[in-house]
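Below: the structure, in structure tokens.
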Amino acid sequence: MKLGLALQELHRAEKSLARDLRKTADRHEVEHEVHHVARDLAGWSADHVRELARHGRGYGLHLDEDVPGSGLLAPQRSTLAGLSAGRPEPGLLLADLRRLHRKAAGVSLDWESLAQGAQAAKDPELLELASRCHPQTLRQMKWTNAMLKIMSPQILTS
């Protein structure tokens, strides 16, 4: 059964999404909505990582439950964001939002695949996990899409 591989890949993707959301939050501290919402959304992905790790044990997997913080460079990113407040690089924000949207879309596809696999394997706990977590991933995608719609015109015409 390949559900274990699907769990591993989704775990890796959620972990990556959480890290990128935190990096974006730190990098764009002067954009208050981006900063605060991205941190909240990173928390959702971190919760998903923990849940996937717990459920993976039933498939013989040893997945890490922790998502490392933004890393050693988080204070420097935050400082640089503050220093560049008068002359921010708007293209970086657009690139970050695009990357987040693509990652969230990939995670969404992984949740959908996992739910279908759980249904076929008759694993109600895994199906319940996917049914609970996937809507949050869809909300992450909706937020990044909304931010792209708001920020793109300003950034591309400035």
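Each residue takes its place number in the sequence, starting with 1.
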Given Glu31 and Met151, is the side-chain contact (heavy atoms from CB on, under 4.5 Å) satisfied, shown in steps?
CA-CA 11 Å; Glu31 292 289 342; Met151 303 301 261; 3.5 Å; yes
Let's go through Leu92 and His28 carefully: what are the C-alpha distance in whole Å and the side-chain angles of both, what is the deciding distance for side-chain contact (heavy atoms from CB on, under 4.5 Å) to 0.1 Å, and is it a yes or a no?
CA-CA 9 Å; Leu92 184 58; His28 302 287; 4.1 Å; yes
Under the criterion side-chain contact (heavy atoms from CB on, under 4.5 Å), I'd like the reasoning laid out for His48 against Leu10: C-alpha separation, chi angles, the key distance, then a yes or no.
CA-CA 9 Å; His48 298 171; Leu10 181 53; over 6 Å; no
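Side chains of Trp111 and Leu129 form a contact here, defined as non-hydrogen atoms less than 4.5 Å apart. Residues Asp40 and Trp143 fail the side-chain proximity criterion, which asks for heavy atoms closer than 4.5 Å. Between Leu41 and Gln136, the closest side-chain pair of non-hydrogen atoms is not below 4.5 Å. Side-chain atoms of Asp26 and Arg39, non-hydrogen and from C-beta on, do get closer than 4.5 Å to each other. No side-chain heavy atom of His35 sits under 4.5 Å from any side-chain heavy atom of Val30. Residues Glu51 and Glu65 form no side-chain contact, since every pair of their non-hydrogen atoms from C-beta on lies 4.5 Å or further apart. The shortest distance between side-chain heavy atoms of Leu127 and Leu114 does not fall below 4.5 Å.
Both Leu63 and Tyr59 belong to a common hydrophobic cluster when Ile, Leu, Val, Met, Phe, Trp and Tyr are linked at side-chain heavy-atom distances under 4.5 angstrom.
Remark: Arg102 CZ is packed, more than 12 non-hydrogen atoms of other residues, nucleotides or ligands lying under 6.0 Å away. Counting heavy atoms of neighbouring residues, nucleotides and ligands inside a 6.0 Å radius, atom CZ of Arg132 exceeds 12 of them.
At least one donor-acceptor pair closer than 3.5 Å links the side chain of Ser152 to the backbone N or O of Leu148.
Residue Lys15 is tested with Asp47, Asp110, Asp64, Asp20 for a salt bridge (Lys or Arg N to Asp or Glu O under 4.0 Å); the sole match is Asp64. Shown are Lys103, His134, Gln140; of these, the side chain to side chain donor-acceptor pair (under 3.5 Å) with Ser108 is made only by His134.
With salt bridges taken as basic N to acidic carboxylate O contacts below 4.0 Å, none links Asp66 and Arg50. For the pair Glu9 and Lys2, the salt-bridge criterion is not met [side-chain N within less than 4.0 Å of a carboxylate O].
Separation of atoms CG (Leu21) and OG (Ser45) is listed at 6.0 Å; rounding is to 0.5 Å. Note that the CG atom of Leu7 and the CZ atom of Arg12 stand 13.5 Å from one another [nearest 0.5 Å].
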